[in-house]
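Labels below follow one simple rule: chain letters A, B, ... track the order of the sequence lines, proteins then strands, and each chain is numbered from 1. Hydrogens, waters and symmetry mates play no part in the numbers below; they use all other heavy atoms, side chains included.
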2 protein chains.
Amino acid sequence: MSSSRPARLTTRQSRPAGIPDATVARLPVYLRALTTLAEDGVATVSSEELAAAAGVGSAKLRKDLSHLGSYGTRGVGYDVEYLLYQISRELGLTQDWRVVIVGVGNLGHALANYGGFASRGFTVVALLDADDALIGEQVAGLAVRSIDELESVVAGGVHIGVVATPAAAAQGVCDRLVAAGITSVLNFAPCVLDVPADVMVRKVDLSTELQILAFHEQRRAVTEFGEALDVTTGPDPVAPGLTELAR
Amino acid sequence: MSSSRPARLTTRQSRPAGIPDATVARLPVYLRALTTLAEDGVATVSSEELAAAAGVGSAKLRKDLSHLGSYGTRGVGYDVEYLLYQISRELGLTQDWRVVIVGVGNLGHALANYGGFASRGFTVVALLDADDALIGEQVAGLAVRSIDELESVVAGGVHIGVVATPAAAAQGVCDRLVAAGITSVLNFAPCVLDVPADVMVRKVDLSTELQILAFHEQRRAVTEFGEALDVTTGPDPVAPGLTELAR
DNA sequence: TAGATTGTTAATCGATTAACAATC
DNA sequence: TAGATTGTTAATCGATTAACAATC
């Protein structure tokens, strides 16, 4: 198999610059599945097996991988470690990414202690908070520093800013991160962050996820009862506390 | 405006059963923007203004809202409180959703203390953990209980299970939740959960988000330097610790 | 009526899926 | 060679977007 692996002679034309967003979003899932397989000592995996481990269809998996290059072997499958490396490289995980966490409340604590950070090429270089009472406290091996140091910390080299402040403080913190040169922000605050077009923001939002689950639970209830309860045409089902919103 | 608001006489035909997934995922964002507007005392908002507050285009906003019904007034805009109520109702937030959190580590703590839970119709009814040392500890006004009580807690009425355990324990916990009758799961553990087709799982994954940011940061670097560094054709840029993976 | 803004249409775009030729 | 599985094609599906008729 080693001898038949395609030589890495791919030209720029052969791999189009743009990997679809939907594919990029799934690469971390494949990476995780491959890591588990590698730990279990599995050397080779078929698209069918890997897809099952990642929770997607095999056609989608093969299509996704085809955007990276031809890293499989027909009739055999994919070499687990080789594919692991190729996806890591594609995601930029073969280099170290320096992260600053702003806001060391419950969530900031959890993030700082999250094991997945260090294991995959992400290094938390500083924890910042506006609360003087927290400053100096040791969290995950780092002393919490003042938000006043944001600019100097970023100047020292930071790639990604994590916003874990209350919503009211988030935009201000984000503005300072961006002004200091940060171009990638992970936002845990429950608000929309306004940034220049060249800054990428990703958002993790607990209540959004819960609300989406609630929507589907509700829909399930309606369907199960054969739409006996017609929320569209019936009187408004008004919950306590929402009465004043109904007309 | 009150008098010109369309009467709620919509028939089943007029609102197709299925609201697109992409739309459902954005409704919580609109809800949040509307809540802020309502707090600021704004009575009416145009699609242009609301879209800006939510960080989307106005055409997309109007298209999304059109799936719920005709809740706006041409030439005027949307009544903030009325639209707030309609979206809340659509998402199922006019009823109370009972949530159990399994795993009271750093993240479980953060989730339990998260204010957004209670404010939007979600009630945490129990915190469960497998660690005896934690049992009885007060977190966010609740005593942590043993994982052994999972089945009895769910039997007492729970709609949504939140998995905040280590990855190794997640599938087992999920199986027990599902066996006990839970059909909506929010998974914070870094693994894929295997569930029956009728169970809905949503996943929140910090390292996935970081990896997506890393991908774009890396791409940015390549683009900025005019592809002087060609990662496709050049020798593999091997980072320490990944050497053994490269061929 | 004139101005403003919605709700809808139709075109475009991107993602998914199944089938299968290529090939190990 | 025969069996297995990839990588790609083409069809389908769903989401986005701009433009504008409807209408307040």
For the pair made of CG in A:L65 and C1' in D:dT8, what is the distance, rounded to whole Å?
-> 13 Å
Whole angstrom value for the distance that separates P of D:dT6 from OH of A:Y82 | 16 Å
Measure across A:V195 and A:C174 and return the closest heavy-atom pair with its distance rounded to 0.1 Å.
-> CG1-SG, 3.5 Å
Can you check whether any acceptor in the base of C:dT5 is under 3.5 Å from a donor in the side chain of B:R74, or vice versa?
-> no
Using whole Å, report how far CG of A:L83 lies from P of D:dT5.
-> 16 Å
Paired nucleotide for C:dA18 [Watson-Crick or G-U wobble; both distances under 3.5 Å] = D:dT9
A:L27 atom CG is separated from C:dA15 atom P, nearest whole Å, by 13 Å
Residue pair A:R62 / A:S47, side-chain donor-acceptor N/O under 3.5 Å | yes
Taking atom C1' of C:dT5 as reference, at what distance in whole Å does atom CG of B:L50 sit?
-> 14 Å
Side chains of B:F188 and B:L111: closer than 4.5 Å at any heavy-atom pair?
-> yes
Phosphate oxygens OP1/OP2 of C:dG7: is one of them under 4.0 Å from a side-chain N or O of B:Y78?
-> yes
Please examine the side chains of A:L27 and A:L68, heavy atoms only from C-beta on, and report whether any two atoms are closer than 4.5 Å.
-> yes
Residue pair B:Y78, B:Y71: steps toward the ring-ring contact (aromatic ring centres under 6.0 Å, His included) verdict | CA-CA 7 Å; B:Y78 300 89; B:Y71 296 135; 8.8 Å; no
Check every atom of D:dT6, C:dA15, C:dG7 against the side chain of A:D21 and return the nucleotide holding the closest atom.
-> C:dA15
Counter-base of C:dC24, judged by Watson-Crick or G-U geometry with both distances under 3.5 Å = D:dG3
Write down the distance between CG (A:D79) and C1' (C:dC24), rounded to a whole number of angstrom.
-> 15 Å
Main-chain N/O of B:D21 paired with B:R26 side-chain donor or acceptor, under 3.5 Å | no
Do A:D79 and A:L83 come close enough that some side-chain heavy atom pair is under 4.5 Å?
-> no
Would you kindly give the CG-to-P distance between A:L61 and D:dT8, to the nearest whole Å?
-> 14 Å
D:dT6 phosphate, OP1 or OP2: any side-chain N/O from A:S47 under 4.0 angstrom?
-> yes
Identify the pairs formed between an N or O of the protein and an N or O of nucleotides 16-18 of chain D at a distance under 3.5 Å, and give each distance.
{"residue": "D:dT16", "atom": "OP1", "partner": "B:R26", "partner atom": "NH1", "Å": "3.0"}
{"residue": "D:dT16", "atom": "OP2", "partner": "B:R26", "partner atom": "NH1", "Å": "3.4"}
{"residue": "D:dT16", "atom": "OP2", "partner": "B:R26", "partner atom": "NH2", "Å": "2.7"}

